[in-house]
Structure formats: C-alpha cells, structure tokens
Amino acid sequence: MAASFRRRGMDAPATFSLFIRDLPPERGFLVACGLDRGLDYLEGLAVDDDDLDALTGLGIDDLTIEALAGLRFTGDVWAVPEGRVVFAGEPLLEVTAPLAEAQLVETYLLNQLTFATTIASKAARARIAAGDKALVDFAFRRTHGGEAAMTVARASAMVGFVATSNVEAARRFGLRAAGTMAHSYVEAFDSEVEAFRAFAEDNPGSATLLVDTYDTLGGVRNAIAVITELRLGDTAGIRIDSGDLASLARDARRLLDDAGLNQTQIFASGGLDEYAIADLLASGTPIDAFGIGTRMGVSEDAPSLESVYKLVAYDGRPVMKLSAGKATMPGPKQVFRGPHGDVIALRDESPPAATEPLLMPVMHGGRKTHFDSLTSARERFESDVRGLPEAAKQTRNPSPPPVVTSVAAAALTTAVHEKLIGRAHAPEV
C-alpha cells in the first residue's frame with residue numbers, strides 16, 4: 001500500500017487514529033502504555049539501502065522497492081501520555097503524516113501500544129486489589145518472549161509494582177531487582193536448614209526463605225530457627241508458593257509471632273492475580289507482599305485488546321469506515337476529561353469548562369517532542385485512579401463510566417456518513 005501510494009503521488013497529509021473498540025468484559029478501564037517504544041520506532045524509521053536489499057531478497061518487485069527508496073517518517077503525533085486511564089473509543093494516539101508513511105507504521109504501533117496497554121491494565125487491577133501490599137513482577141518465565149518480559153516489567157512498574165525479578169529490565173529501566181530462591185536451591189542441600197542458613201548468610205539484608213519445598217509449616221519452623229540464629233527478624237521473610245495460601249499464611253503468622261518475629265514478612269506467590277489477591281485480603285489473610293507472574297504477564301483473562309488504527313482524514317477531507325459494527329468517527333480527535341466524564345471531540349474544538357485535554361503533541365516533523373519518565377507516568381496513573389468511580393475499579397463485574405461524543409464530532413460523523421451513503425447510491429455515469 002505504501003509503495004502504491006507513493007507511485008501515484010498520493011503524499012498529502014493523512015491522519016490515522018489508534019484506539020480500542022471495546023473493553024474486555026472484566027475491564028472497567030485501561031491504562032495507556034507503549035508510547036515510548038512507539039515514538040522511538042517512528043523517530044528511527046527510514047528505508048535505507050540495506051532495507052532495499054532485504055526487500056529484494058524477499059522477492060519484492062522492483063517497482064515497489066523503487067517507490068519505497070528514501071522513505072522515512074516525517075510526521076506529527078498526538079497521544080495520551082503513558083499512565084493515563086483511558087476508555088473504549090478514545091484515541092490513544094493519532095498520526096498525521098504523508099499517507100504512505102502514516103500507513104506503513106500501522107502494524108508496529110498497534111503491536112507496541114496494544115500489548116503494553118493490555119499488560120498495564122491487568123497489572124493495574126492487581127495493584128488496586130492489593131491495596132497497601134507490595135507487588136513484585138515475577139512474570140519473566142512465562143511471558144511470550146524476552147522483549148515481552150521487558151514490557152511487562154516496565155508496565156507493571158508504571159502502575160506501582162515495587163520491584164521485578166527481571167534483572168535486565170531493572171538495569172534497563174532503573175527498577176529495583178528483587179527475588180528469593182527456587183525449590184532447586186533447597187533441594188541441592190542435604191537439609192532445608194542448611195539451605196536456609198546458606199542463603200541467609202549470603203543475603204542478610206534480603207533473606208526471603210522459600211518454605212514449601214517439603215512440608216510448609218515444617219519449613220516455617222526451620223526458617224524461624226535460621227532467622228533467630230542469625231538475628232535477621234527485621235530483614236528476613238518467608239515465601240509460600242503453593243497450597244492453601246490463606247490457611248498456611250495464618251498458621252505461619254502465628255508461628256512467627258510466637259517466636260517473636262513479628263516483623264518477619266510473609267510473601268506469597270504461585271498462580272496469583274487480582275482475583276486471588278482480592279479474595280485473600282478480603283478474608284483477612286496475613287500476607288504482606290505478592291509475587292505476580294503468569295496471569296499478569298500474559299493478561300490471562302483478557303490476553304488481547306480490540307485495537308484498531310483507522311484513517312480518519314486525508315488531504316483535508318474527513319473520512320470514515322461504514323462497516324457493520326466497525327464504523328469509525330471521521331476527523332482528528334481530542335478527548336476532554338472533566339468532572340462529568342470524558343468527551344470525544346474534534347481536535348480543533350475548544351475545551352468545555354472545567355475539563356482537560358488527554359491527547360498532547362508528542363512528535364513533530366518526525367522528531368520526538370515529548371520526553372517522559374516512569375515516575376511521571378506512575379504519578380499520572382495514581383492521580384487518574386483516584387478519580388475513577390468505584391464501579392470501574394471493582395475486581396469483579398466492573399462497569400466503565402460512560403464516554404460521550406461532542407455535538408461537533410457527532411455532526412461531522414453524520415454529515416460524512418450521509419455523503420458516503422449518497423455517493424454509494426448515486427447512479428454511475
């Protein structure tokens with residue numbers, strides 16, 4: 001398509017809008033994420049000689065290769081900054097660039113923003129369910145590839161996870177690296193006590209002892225013996241990774257307290273997500289922190305979002321799609337957020353009273369103009385979550401707040417729709 005556009009001189013500005021059509025049933029909101037990687041890609045997009053050689057090797061025809069020669073991204077981007085809460089139908093990002101450029105970037109932008117937003121939204125639900133309990137990203141072993149694990153670590157940190165077991169992600173994004181021990185570590189020693197003592201001696205400031213390799217409560221007692229022997233009560237912890245977490249955590253807490261280890265924390269892991277966390281805490285289970293892995297790392301209950309990237313204007317002309325169930329709204333957009341909810345409006349509309357625009361310019365002429373940090377994104381997330389209605393934050397059966405369309409945006413949609421319908425029924429000459 002890009003080559004075809006360029007061969008025909010169709011290089012007028014085109015605006016594409018990337019948004020999520022509908023929320024999954026168990027989502028009352030989404031968290032915008034993935035913009036940073038998307039902008040880096042756009043800034044570096046250029047078709048050079050090596051790319052042309054590669055296309056030749058793939059059997060692409062000479063006319064297509066000739067048309068793509070020299071292409072680079074020169075457009076502008078408006079986007080919702082990372083960490084902001086968003087809803088269905090609201091643009092996460094809008095690209096305005098010569099048609100071929102704007103078309104060519106569709107797949108990568110959808111890939112980056114869709115996955116990152118999926119994970120950030122899942123992790124945010126765990127963060128809300130956990131309240132003041134600490135969460136650690138344990139997902140690396142089960143994510144769909146190494147780069148996916150990096151996105152998961154970054155997205156979970158953005159919504160308030162305190163650490164990650166992914167050391168490379170910690171290095172790359174400036175996160176706290178944290179971990180405990182594996183069952184294999186315990187099994188490699190002649191006894192559980194020897195394993196605990198060795199690990200605690202080597203990690204006196206962060207000795208979290210995995211107690212469920214053989215018999216969980218027996219493991220707790222062995223951990224108590226080692227923690228007491230080495231006087232690590234304030235810095236040590238125990239981890240339970242299997243079994244009836246609620247019952248075992250209660251018994252473990254009693255044993256620890258009876259031994260005078262009131263400050264020794266209980267860390268839980270093993271197939272956890274926001275549903276399990278909510279149930280455990282609702283029953284008063286004395287767990288201080290959670291390791292969240294597979295179910296967060298693949299967003300198990302909603303592993304994908306219905307994201308789309310649609311042309312909304314070309315060469316100054318608003319355009320739309322009329323497909324059944326998949327109709328789009330024409331024209332560049334803005335979203336205004338106020339005390340009465342969100343309004344999807346046209347880009348050039350004046351903001352209604354007491355509202356703020358969500359989309360902001362982040363790239364101009366193919367160069368980034370928006371430089372963000374995880375700290376800023378986390379602050380935006382925390383602020384937006386505080387403003388969410390409780391129904392949207394519910395773990396089960398959440399209900400997103402309504403999003404309305406401005407009068408001007410609705411009128412443009414109607415006008416373009418009628419024009420297209422009239423054109424479709426006009427007799428051919």
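The residues of the chain are indexed from 1 along the displayed sequence. Keep in mind the model is a prediction, meaning the values are calculated, not measured.
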Heavy atoms only: give me the nearest [X]-[Y] pair and the separation to one decimal.
| X | Y | result |
| --- | --- | --- |
| F336 | A345 | CE1-CB, 3.6 Å |
| A200 | L230 | CB-CD1, 3.6 Å |
| R21 | V308 | NH1-CG1, 3.2 Å |
| V312 | P332 | CG2-N, 4.1 Å |
| L23 | R27 | CD1-O, 3.5 Å |
| I277 | A130 | CG2-CA, 3.8 Å |

Check against side-chain contact (heavy atoms from CB on, under 4.5 Å), Q103 and F5: CA-CA 9 Å; Q103 182 73 73; F5 290 147; 3.9 Å; yes
Criterion side chain to side chain donor-acceptor pair (under 3.5 Å) on Y275 and R295, from CA distance to verdict: CA-CA 10 Å; Y275 304 106; R295 294 182 182 179; over 6 Å; no
Residues T180, R239; criterion side chain to side chain donor-acceptor pair (under 3.5 Å); working and verdict: CA-CA 8 Å; T180 63; R239 173 181 160 211; 2.6 Å; yes
Summary of side chain to side chain donor-acceptor pair (under 3.5 Å) pairs that have at least one residue in residues 223-233, sequence neighbours excluded: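 Listed once each, the pairs are R197-E229.
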Any pair counted as side chain to side chain donor-acceptor pair (under 3.5 Å), so long as it reaches residues 350-363, sequence neighbours left out: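 Applying side chain to side chain donor-acceptor pair (under 3.5 Å) to every pair that reaches into residues 350-363, excluding sequence neighbours, yields R84-E356.
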Heavy-atom check, side chain of [X] versus side chain of [Y], under 4.5 Å:
| X | Y | result |
| --- | --- | --- |
| I119 | V298 | no |
| L30 | L305 | yes |
| R380 | P81 | yes |
| H370 | P361 | no |
| S383 | E379 | no |
| P318 | L412 | yes |

Candidate pair V220 and I238, rule side-chain contact (heavy atoms from CB on, under 4.5 Å), full reasoning: CA-CA 7 Å; V220 174; I238 65 168; 4.0 Å; yes
Just wondering, more than 12 heavy atoms not from [X] lying within 6.0 Å of its [atom1]?
| X | atom1 | result |
| --- | --- | --- |
| H364 | NE2 | no |
| D258 | CG | yes |
| Q263 | CD | no |

First locate atom [atom1] of [X], then atom [atom2] of [Y], and finally report the distance between them rounded to the nearest 0.5 Å.
| X | Y | atom1 | atom2 | answer |
| --- | --- | --- | --- | --- |
| I344 | S406 | CD1 | OG | 9.0 Å |
| L104 | F73 | CG | CZ | 10.0 Å |
| H417 | T328 | NE2 | OG1 | 10.5 Å |
| H183 | T213 | NE2 | OG1 | 4.0 Å |
| F196 | Y185 | CZ | OH | 10.5 Å |
| L110 | F16 | CG | CZ | 11.0 Å |

Are [X] and [Y] linked by a side-chain donor-acceptor pair shorter than 3.5 Å?
| X | Y | value |
| --- | --- | --- |
| D76 | T96 | no |
| E94 | T15 | no |
| E101 | T74 | yes |
| E300 | T294 | no |

Side chain to side chain donor-acceptor pair (under 3.5 Å) assessment of E192 paired with N222: CA-CA 7 Å; E192 194 171 53; N222 286 332; 2.8 Å; yes
Examine distances only and state if a side-chain atom of [X] and a backbone atom of [Y] form a donor-acceptor pair shorter than 3.5 Å.
| X | Y | answer |
| --- | --- | --- |
| S121 | T117 | yes |
| S156 | V152 | yes |
| R347 | K333 | yes |
| T164 | A170 | no |
| T413 | A409 | yes |
| T285 | L245 | no |
| N203 | F199 | yes |
| Q334 | L359 | yes |
| D212 | D241 | yes |
| D50 | D53 | no |

Pairs flagged by ring pair (Phe, Tyr, Trp, His ring centres under 6.0 Å) wherever residues 81-117 is involved - sequence neighbours left out: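 Every ring pair (Phe, Tyr, Trp, His ring centres under 6.0 Å) pair that includes a residue of residues 81-117, provided the two are not neighbours, is Y41-Y108.
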Stepwise side-chain contact (heavy atoms from CB on, under 4.5 Å) check, T405 with V343: CA-CA 5 Å; T405 302; V343 180; over 6 Å; no
Salt bridge between [X] and [Y], side-chain N to carboxylate O under 4.0 Å?
| X | Y | answer |
| --- | --- | --- |
| R253 | D251 | no |
| D301 | K122 | yes |
| R337 | D384 | yes |
| K368 | D36 | yes |

Stepwise side-chain contact (heavy atoms from CB on, under 4.5 Å) test for L39 and V362: CA-CA 8 Å; L39 294 181; V362 295; 3.9 Å; yes
Proximity of F138 and F267 rings by center, below 6.0 Å: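 Yes - the distance between ring centres of F138 and F267 falls below the 6.0 Å cut-off.
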Listed once per pair and sorted, the salt bridge (charged side-chain N to carboxylate O under 4.0 Å, His left out) pairs that draw on residues 133-155, sequence neighbours left out: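 For residues 133-155: R37-E147, E82-R154, E147-R172.
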Within residues 391-408 or reaching into it, pairs that qualify as salt bridge (charged side-chain N to carboxylate O under 4.0 Å, His left out) - sequence neighbours excluded: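 Of all non-adjacent pairs touching residues 391-408, those that pass salt bridge (charged side-chain N to carboxylate O under 4.0 Å, His left out) are D279-R396, E390-K393.
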Residues in side chain to side chain donor-acceptor pair (under 3.5 Å) contact with R378, at least two apart in sequence or another chain: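 With neighbours one apart ignored, the set is empty.
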Check against side chain to side chain donor-acceptor pair (under 3.5 Å), T375 and S373: CA-CA 5 Å; T375 299; S373 68; 4.6 Å; no
